[in-house]
Amino acid sequence: MPVNILMPALSPTMEKGNLAKWVKKEGDKVKPGDVIAEIETDKATMEVEAVDEGVLAKIVVPEGTQDVPVNQLIAVLATEGEDAKTVAGGAGAAKPAPKAAAAPAPSAKSVAAPASPVPQPVEARQMPAPVAATNGGALGRIFASPLARRLAKEANIDIARLAGSGPHGRIVASDIDLAKKGGAAMRAPGAGPAIQAPSDAQIRALYEEGSYESVPHDSIRKTIARRLVESKLTIPAYYLTIDCEIDVLLKARAEVNSAAPKVDGKPRFRISVNDFIIKAMALALIKVPNANVTWTETGMLKHKHADVGVAVALEGGLGLITPIVRRAEEKTLSVISNEMRDLAARARTKKLRPHEFQGGATSISNLGMYGIRDFIAVINPPQSSILAVGVGEERMVVKKGKPAVATVMTVTLSGDHRAIDGALGAELLGAFKNYIENPVEMLA
């Protein structure tokens, strides 16, 4: 009988994906292991393999289609002994069957998720809905339509935390739809009326027709926008800034690079200042273990190793992705350097596997190469902190009561106050500064 090929879930949080390309065409023969399509998820492009042998009888979802839900029928495969044309003619009535889900390709080029069972998507279920007071600003009776209540229950959304857009603040079905996408109106408990973002039509009305080009958001930009809003609305963040003198580090870096062994006339590694920063942050997290944590509503996750994410700018100004250096405290600077170079290269071409950019306890965002002196970075949920790193520049400092010149780098820690209070954040930042200013401790 015909085999239905479904849109696969390529990561635990994937709900939709873009069908970027069909590698096989209608009428092509396929066998298990053949790459049949390329699927674009939030931050990676993944290959999908066939799991059965036969002929690709019908492509139901054309390439270039965006936001295809997981488990939606995308193609039909005619198996041995079946007429592909007959199967294609009846494809419209085909019903998806879990058995037929295409599997991610395990090839070296593939960036598919592990073959183990994929959990149900958690984005809509776990992302806190925007906080809002009910009618009149009092946390009392909740006014909502029966349909809105049913939809909220099905989506596991706390209806008490939504601000209604209906008459007199009544919560309606469209508010639930917005909450699923992370765009519902919100306000703090007891505050004034909820603030509703202007619609696309209202924004476009501010500009003369023909004076702009409307470029649709891709899935990466949508995900970044949603997660940034989630971070700013749900994380009570605070910010700590400190200056680090890096003259000794720069000297140590030059000595390490000059002593690097060569292969075919080329150094095996070239350490960057950012590699020192990754290592210093990892060691600081191990030294201050109570800051190496992740907040959950039921308990704190205390990590045994320091997994440090590093913000990498995607090509074409599509935003940032944070590949993670796992167990960074155990790795030498040369290993961190080579691993980070590989991760960054694959991040820019959207070839990272999900486990290479998901998780971690903290991240580093370095804008020093752009001459930025200091800035504040937005925490990447579910991480509890992020370190914003500025440029190392010569500044006047006072040493033993006398003016002197030193190369100074300003860093700012953004911390989630639920998981890391201010004093603990200051302790973490102090440990980081000690490693940066005494790099020999990182080389031991």
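The figures that follow rest on heavy atoms only: side chains count, while hydrogens, waters and symmetry mates do not.
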Worksheet entry | Any residue meeting salt bridge (Lys or Arg N to Asp or Glu O under 4.0 Å) with K433, in chain and number order, not counting sequence neighbours | E437
Discussion item. Holding to salt bridge (Lys or Arg N to Asp or Glu O under 4.0 Å), I want the full list of residues that pass it with R348, two or more places apart in sequence or in another chain.
Written reply: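 Per chain and number, R348 pairs via salt bridge (Lys or Arg N to Asp or Glu O under 4.0 Å) with no residue.
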Worksheet item: Hey, is the main chain of I336 close enough, under 3.5 Å, to the side chain of E339 for a donor-acceptor pair?
Response: no
Worksheet entry | Any donor-acceptor pair under 3.5 Å from E329 side chain to A306 backbone |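 Side chain of E329 to backbone of A306, a donor-acceptor pair under 3.5 Å: yes, one is there.
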Discussion item. Let's go through Y239 and T241 carefully: what are the C-alpha distance in whole Å and the side-chain angles of both, what is the deciding distance for side-chain contact (heavy atoms from CB on, under 4.5 Å) to 0.1 Å, and is it a yes or a no?
Written reply: CA-CA 7 Å; Y239 313 103; T241 300; 5.6 Å; no
Measuring from [X]:[atom1] to [Y]:[atom2], what's the distance to the nearest 0.5 Å?
| X | Y | atom1 | atom2 | answer |
| --- | --- | --- | --- | --- |
| I39 | K16 | CD1 | NZ | 15.0 Å |
| N380 | Q358 | CG | CD | 10.0 Å |
| I246 | I436 | CD1 | CD1 | 8.0 Å |
| D34 | E49 | CG | CD | 8.0 Å |
| I176 | I171 | CD1 | CD1 | 6.0 Å |
| D416 | R418 | CG | CZ | 4.0 Å |

Side-chain polar contacts of residues 366-379 - donor-acceptor pairs under 3.5 angstrom, sequence neighbours left out - could you list them?
residue, atom, partner, partner atom, Å
N366, OD1, G368, N, 2.8
N366, ND2, N274, OD1, 2.9

Would you say [X] and [Y] make side-chain contact, with heavy atoms under 4.5 Å?
| X | Y | value |
| --- | --- | --- |
| M340 | V312 | yes |
| N71 | P69 | no |
| R353 | R346 | yes |
| V391 | M409 | no |
| T362 | L285 | yes |
| V70 | P8 | no |
| V55 | V30 | no |
| S272 | R341 | no |

So, [X] versus [Y]: side-chain donor-acceptor pair below 3.5 Å or not?
| X | Y | result |
| --- | --- | --- |
| T294 | S384 | no |
| S363 | Q383 | yes |
| N292 | K304 | no |

Item to complete: Can you run down the salt bridge (Lys or Arg N to Asp or Glu O under 4.0 Å) pairs that involve residues 65-76, sequence neighbours left out, and say none if there aren't any?
Response: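 Residue pairs passing salt bridge (Lys or Arg N to Asp or Glu O under 4.0 Å), neighbours aside: D67-K222.
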For [X] against [Y], the heavy-atom pair lying closest together:
| X | Y | result |
| --- | --- | --- |
| A328 | I278 | CB-CG2, 4.3 Å |
| L320 | A313 | CD2-CA, 3.5 Å |
| I74 | W22 | O-CZ2, 3.5 Å |
| Y435 | K287 | OH-CD, 3.9 Å |
| V61 | Q72 | CG2-NE2, 3.7 Å |
| A75 | L73 | O-CD1, 3.3 Å |

Item to complete: Apply salt bridge (Lys or Arg N to Asp or Glu O under 4.0 Å) to the pair E230 and R226, showing each step before the final yes or no.
Response: CA-CA 6 Å; E230 174 190 351; R226 185 180 70 248; 5.6 Å; no
Quiz: residues 204-212 side-chain donor-acceptor pairs under 3.5 angstrom, not counting sequence neighbours:
residue, atom, partner, partner atom, Å
S211, OG, E208, O, 2.5

Does this structure show an ion pair linking [X] with [Y], if we count only N-O contacts that are shorter than 4.0 Å?
| X | Y | value |
| --- | --- | --- |
| D275 | K279 | no |
| D28 | K25 | no |
| R395 | E393 | yes |

Worksheet entry | Worked check of side-chain contact (heavy atoms from CB on, under 4.5 Å) between E26 and K58 | CA-CA 6 Å; E26 289 185 359; K58 178 67 174 179; 3.7 Å; yes
Item to complete: Kindly indicate, with the supporting measurements, whether the criterion side-chain contact (heavy atoms from CB on, under 4.5 Å) is fulfilled by I36 and I5.
Response: CA-CA 10 Å; I36 60 174; I5 300 175; 3.9 Å; yes
Practice prompt. Go through the steps to decide whether L387 and V389 satisfy the test side-chain contact (heavy atoms from CB on, under 4.5 Å), and finish with yes or no.
Written response: CA-CA 6 Å; L387 189 71; V389 181; 4.1 Å; yes
Practice prompt. Might you work through the salt bridge (Lys or Arg N to Asp or Glu O under 4.0 Å) test for K29 and E53, ending with a clear yes or no?
Written response: CA-CA 8 Å; K29 293 182 179 180; E53 185 172 359; over 6 Å; no
Taking only distance into account, with no hydrogens and no angle test, what donor-acceptor pairs under 3.5 Å do side-chain atoms of residues 420-430 form with protein atoms, sequence neighbours excluded?
residue, atom, partner, partner atom, Å
D421, OD1, A423, N, 3.3
D421, OD1, L424, N, 2.9

